[in-house]
Amino acid sequence: MMPESVDDISLSDMSDKETSSRASMTSRAYARLRADIIAGVLIPGQKLKIEELRQLYDVGTSPIREALSLLTSDHFVERIDQRGFRVATVSAKEFDELLKTRCWLEERALRESIDHGNASWEEQVVLAAYRLSRVPRSAADDHFVANAEWEVRHKHFHVTLISACDSTMLMKFCDQLYDQNIRYRQLSGIQAYPSRDVTAEHGAICDAVLARDADLAAQLLVSHYVNTGDFLKDQLDDY
């Protein structure tokens, strides 16, 4: 078998670099589109025109199409028969299904984590709860402004709670449902929960987990989600 020529090797290297660059652009387009859909910048039912998105995100046509296909698999985008793509629609009925499924899966994941989690996991839970408690939900004192850092730490806390469940597939499903829930929360326009102390709710969940009381921890987690869901349902009339 004849060895590859210098030209063949050069062409191969160029092809690998082009593939890597395209994958990077697709990842960037995917991340930005996903973030804008979750944040409500791109609203439910909005037609996603390739040329407009290409200019908005400063990437090529192919990465945009690939990103949209990935987002279709994630249920953030819907494919319109022969007419392109649109932002996935929302509804109170879909939110009910989302909430129920999230409670089922995260309760199971939390119970498995309590059963299998070690001392290192406990320390991570404590640290995640502490870091979340140190950040205000609002970025302003005199009126509500969503605090991006709080959102990041909030997700980290909830992910850490179930991170010892020993199932990457379960973790993936829970992560997808978490982001779908955040999308509904952003669309609802909820600014605050005046009758709730969310920090205290997080603390109670953390205490139950550290006590290895799976029944209480699961009850508190589900109640935490259902209480939030009740607030959101009242805001979904426009959808």
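Source: prediction; values computed, not measured.
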Point to revise | Side-chain donor-acceptor contact under 3.5 Å, Gln55 with Glu51 | key: yes
Review point. Is it true that Arg108 and Glu112 make a salt bridge, defined as a side-chain N closer than 4.0 Å to a carboxylate O?
Key: yes
Practice item. Ignoring hydrogens and angles, tell me if any N or O in the side chain of Asn147 forms a donor-acceptor pair with the backbone of Pro136 under 3.5 Å. Key: yes
Check your understanding: Got a second to check how far His158's NE2 is from Asn181's CG, nearest 0.5 Å?
Key -> 9.5 Å
Check your understanding: What is the distance from atom OG of Ser133 to atom CZ of Arg153, rounded to the nearest 0.5 Å?
Key -> 9.0 Å
Practice item. Measure across Thr89 and Glu94 and return the closest heavy-atom pair with its distance rounded to 0.1 Å. Key: O-OE1, 3.6 Å
Exercise for review: Output the distance between atom CH2 (Trp121) and atom NE2 (His116), rounded to the nearest 0.5 Å.
Suggested key: 11.0 Å
Practice item. Flag yes if more than 12 heavy atoms outside His75 fall under 6.0 Å of its NE2 atom; otherwise flag no. Key: no
Practice item. State whether the number of non-hydrogen atoms from other residues, nucleotides or ligands found under 6.0 Å of Asp58 atom CG is greater than 12. Key: no
Revision key, fill the gap. Heavy-atom nearest pair, Ser163 first then Ser113, reads N-OG, 3.7 Å
Point to revise | Ion pair Arg212/Glu122, N-O distance below 4.0 Å | key: yes
Revision key, fill the gap. Correct closest heavy-atom pair for Val59 and Arg54 would be O-CG, 2.6 Å
Review point. Just checking, is any N or O donor in the side chain of Glu106 or Tyr178 under 3.5 Å from an acceptor N or O on the other one?
Key: no
Practice item. Take atom NZ of Lys47 as the centre, draw a 6.0 Å sphere, and report whether it contains more than 12 heavy atoms from other residues, nucleotides or ligands. Key: yes
Revision key, fill the gap. Here the pair of heavy atoms bringing Met171 nearest to Cys165 is CG-SG, 3.8 Å
Check your understanding: Just wondering, do Val90 and Phe95 contact through their side chains at under 4.5 Å, heavy atoms?
Key -> no
**Study point:** Interatomic distance, Gln219 atom CD to Ile205 atom CD1 [nearest 0.5 angstrom]
**Key:** 11.0 Å
Practice item. For side chain to side chain contact (heavy atoms under 4.5 Å, CB included), just list the numbers for Asp179 and Arg34, CA-CA rounded to whole Å, side-chain angles, deciding distance to a tenth of an Å, and then say yes or no. Key: CA-CA 9 Å; Asp179 287 345; Arg34 193 174 191 272; 2.8 Å; yes
Practice item. Could you tell me whether Lys93 and Glu97 have a side-chain N and a carboxylate O separated by less than 4.0 Å? Key: no
**Study point:** Gap separating the CZ atom of Phe85 from the CD1 atom of Ile64, nearest 0.5 angstrom
**Key:** 10.5 Å
**Study point:** Rounded distance (nearest 0.5 Å) linking atom NE2 of His156 with atom CG of Leu161
**Key:** 10.0 Å
Review point. Short question: side chain of Tyr184, backbone of Ser91 - any donor-acceptor pair under 3.5 Å?
Key: yes
Point to revise | Arg86 versus Leu48, closest heavy-atom pair with distance | key: C-CD1, 3.7 Å
Check your understanding: If you draw a 6.0 Å radius around CZ in Arg65, do more than 12 non-hydrogen atoms from other residues or ligands fall strictly inside?
Key -> no
Review point. Between Asp74 and Phe76, is there a donor-acceptor pair closer than 3.5 Å when you use the side chain of the first and the backbone of the second?
Key: no
Practice item. Find out whether Pro63 and Arg28 are in side-chain contact, i.e. whether some heavy atom of one side chain is under 4.5 Å from a heavy atom of the other. Key: no
